[in-house]
Protein chains: 2
Amino acid sequence: MNTLSHEQAVFSIAAVERDTGLSKDTLRVWERRYGFPAPARNANGERLYPQDQLDRLRLIRRLLDAGHRPARIVAATAEELADLVETLRNESVDPQAPEHDATLLQCVCLHRAAELAAGLRRALMKQGLQRFVVDTLAPLAAEVGEAWMRGELLVADEHLFTEQVQNLLRAAIGAQAGGDGRPRILLTTLPDELHVLGLLMAEAMLVPEGAACTSLGTRTPLADIRAAALAGAFDVVALSFSSAYPARQVVDDLLELRASLPAHVALWAGGGAVHNRHKRLDGVRVVEGLEDSLLALQEWRDAHPSQSA
Amino acid sequence: MNTLSHEQAVFSIAAVERDTGLSKDTLRVWERRYGFPAPARNANGERLYPQDQLDRLRLIRRLLDAGHRPARIVAATAEELADLVETLRNESVDPQAPEHDATLLQCVCLHRAAELAAGLRRALMKQGLQRFVVDTLAPLAAEVGEAWMRGELLVADEHLFTEQVQNLLRAAIGAQAGGDGRPRILLTTLPDELHVLGLLMAEAMLVPEGAACTSLGTRTPLADIRAAALAGAFDVVALSFSSAYPARQVVDDLLELRASLPAHVALWAGGGAVHNRHKRLDGVRVVEGLEDSLLALQEWRDAHPSQSA
DNA sequence: GTGTATTTTTTGTCCACGACAAACGCGATC
DNA sequence: GATCGCGTTTGTCGTGGACAAAAAATACAC
């Protein structure tokens, strides 16, 4: 908790967990092993993290997500960290830079929200929903994610971007009318996955093809996905995993869900965390990217010729 | 993690925390103090919660949110719990039952999603955005929450309801055009608050009055709210707290944010968790319900006469 | 009876430190 | 180059004690 705004602000371990995403256990064990963070203590022996340590923990978190190991970076000096960030920045200047959405990326900041919304809407109208998602939105979202990881974006900027895209996609999807086509697809994410954009983009790909999509949004417990799939007589359960999803959980969770679903219900999984992880996923259709979702749809339809005809 | 679907499924303490919202510390301390839950252990001494204990923990959580104390209910027998649920059910049959949305409430289940969406759209068109939010949506959302607490709804049903409402409200808000009116209002929730409906309803109230609303969605860290408020030159920061938000955190968090924001930025807080908690919140405008938000807006405008005129 | 101040009980969070399994990095081998 | 051990790294879980804030209970004045 903050004590004073005039002096240096301090934060409880719970506040640091909230703001960095590092668990209390992790924070304590780092202190024990690497000597950082080194928070002050209150009269009761509880940790009080100063602002600068919290900022540094945020930076460490980003480097961690980028693939660095804790032993290297938690005990590193400020200079070493700065070097690593610099390296990261240079690395991500990919040679095949897509020129076309560079201008849009520049609008992903708080004071150009209206411009961003207008630009996105224009691109959508020009390209159509599916091409817009594949060619414009997905690359842009990836770039925003990278920029955020490099610390070039406020968290608020990223949130705002997500909101704008949600507004646009939900409107576009809603305009296609529900339809009662087949297959009936249930879209959602597991409880540890909070990112909704992948889900919306998948829905935006499938709905124009005549699939009857129903989205539950994010964070549906496993048992409830099963219940919903049965209650709604769905043909397919489609899950989205962002690359931030804990790698080992993906396989466990998917196999658990696969085991609890009837065999006639297909299970599709897409997103960064399942990329190239087919191996141990029997009975799960791994969707490699947005365009592959159309292929998965076609496969399903080929395997399930219309019964009414 | 689940071991087998054929036998009785078991869950790790982390899985139980995810599915019930009860912290690991709380689960362990309940076991120590009340003798429940009483999970089995694996070879390594780690807790393995069977399915029925998890179900009961979910029920206990609902009763807790309804105001019961742990000492009464954690160690209670299954029969006592059933009695309490029954009592809860009878209590919530309020005498002034609003007839008009009883039919809508019945549509909040998986297989009537289309009906629900159509009914909501019709009500919106008939009443207009603000009246729709106040008279139809807010009561309906409250009833859905109660029905969920009584266990009469699948989690998936509630998710689906939230999705439908989001689709509708986002479209309605987006149709009003951004506008550059005053005040400039930044809407969001703190990192522990995941519910977005309150936020959307507030936005739906304010936008038609000509306020320039920008929503960051849910879960914005405190420091980033401050940064965003400054970067975007906002006049008001508006936060939403559902009644599930930990009561003591509300006051701490709000005061911390208040201290970190410049004095000329107003701070509004609304939602179940701040209801009747004015006392210790100096410098925070507590918004008591959706209609009060219009009053808060009027107050701000009275206090800040247009400078350009 | 109603409102207010004081004590007691309840309750969730925090601490320390040890243990351990899964994931990772690395070298040897096919 | 790919695959297989093997030591190291790393996050999570366990126990039990402590404590402060909140709630309930009690005492007391009007």
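These numbers were taken from a predicted model, which means no experiment stands behind them. As a basis for the values below, the full set of heavy atoms in this structure was taken, side chains included, without hydrogen atoms, waters or symmetry mates.
For the pair A:Glu31 CD and C:dC14 C1', the computed distance is 13 Å after rounding to whole Å. Here D:dG14 presents its C1' atom at 11 Å from OH of B:Tyr49, a figure rounded to the nearest Å. For the pair A:Lys24 NZ and C:dT13 P, the interatomic distance rounds to 7 Å; values are reported in whole Å. A:Arg69 has its CZ atom 12 Å from the P atom of C:dA23, to the nearest Å. Atom CD of A:Glu46 is separated from atom C1' of C:dT13 by 8 Å (rounded to the nearest Å). Rounded to a whole Å, the CG atom of A:Leu64 is 13 Å from the C1' atom of C:dC24. In this structure, the CG atom of A:Leu22 is 13 Å from the C1' atom of D:dT10, given to the nearest Å. In this structure, A:Arg72 places its CZ atom 12 Å from C1' of C:dC24, rounding to the nearest Å.
At the phosphate of D:dG11, OP1 or OP2 sits under 4.0 Å from a side-chain N or O atom of A:Trp30. Under 4.0 angstrom from either OP1 or OP2 of C:dT13 there lies no side-chain N or O belonging to A:Ser12. Here A:Arg28 does not reach the OP1 or OP2 of C:dA16: none of its side-chain N or O atoms lies under 4.0 Å away. In this structure, A:Thr26 does not reach the D:dT10 phosphate: none of its side-chain N or O atoms is under 4.0 Å from OP1 or OP2. Phosphate contact (OP1/OP2 of D:dT9, side-chain N/O of A:Tyr34, threshold under 4.0 Å): absent. Between C:dA16 and A:Arg47, a contact under 4.0 Å exists linking OP1 or OP2 to a side-chain N or O.
Across all strands shown, A:Arg41 has heavy atoms under 4.0 Å from sugar-phosphate atoms exclusively, and none from any base. Using a 4.0 Å heavy-atom cutoff across all strands shown, A:Arg32 reaches at least one base atom of the nucleic acid. Backbone-only contact: A:Asn44 has heavy atoms under 4.0 Å from sugar-phosphate atoms and none from a base.
Contact check on B:Arg61 versus B:Asp65 returns a salt bridge, with a Lys/Arg side-chain nitrogen under 4.0 Å from an Asp/Glu carboxylate oxygen. Taking the charged nitrogens against the carboxylate oxygens, B:Arg41 and B:Glu31 do have a contact shorter than 4.0 Å, which makes a salt bridge. Ion pair B:Arg258/B:Asp253 not flagged as a salt bridge, since none of the NZ, NE, NH1 or NH2 atoms sits closer than 4.0 Å to an Asp/Glu carboxylate oxygen. Taking a cutoff of 4.0 Å between a charged side-chain nitrogen and a carboxylate oxygen, A:Arg58 and A:Asp55 qualify as a salt bridge.
A donor-acceptor pair under 3.5 Å is formed between the side chain of A:Arg219 and the backbone N or O of A:Pro191.
Here D:dT12 is the nucleotide among C:dC15, C:dT11, D:dT12 with the atom lying nearest to any side-chain atom of A:Asp25. For B:Arg33, whose side chain is taken as the heavy atoms from C-beta onward, the closest listed nucleotide among C:dG12, D:dT9, C:dT10 is C:dG12.
Where A:Ala71 and B:Gly67 each meet DNA chain D at their nearest nucleotide, the meeting point lying more 5' is that of A:Ala71.
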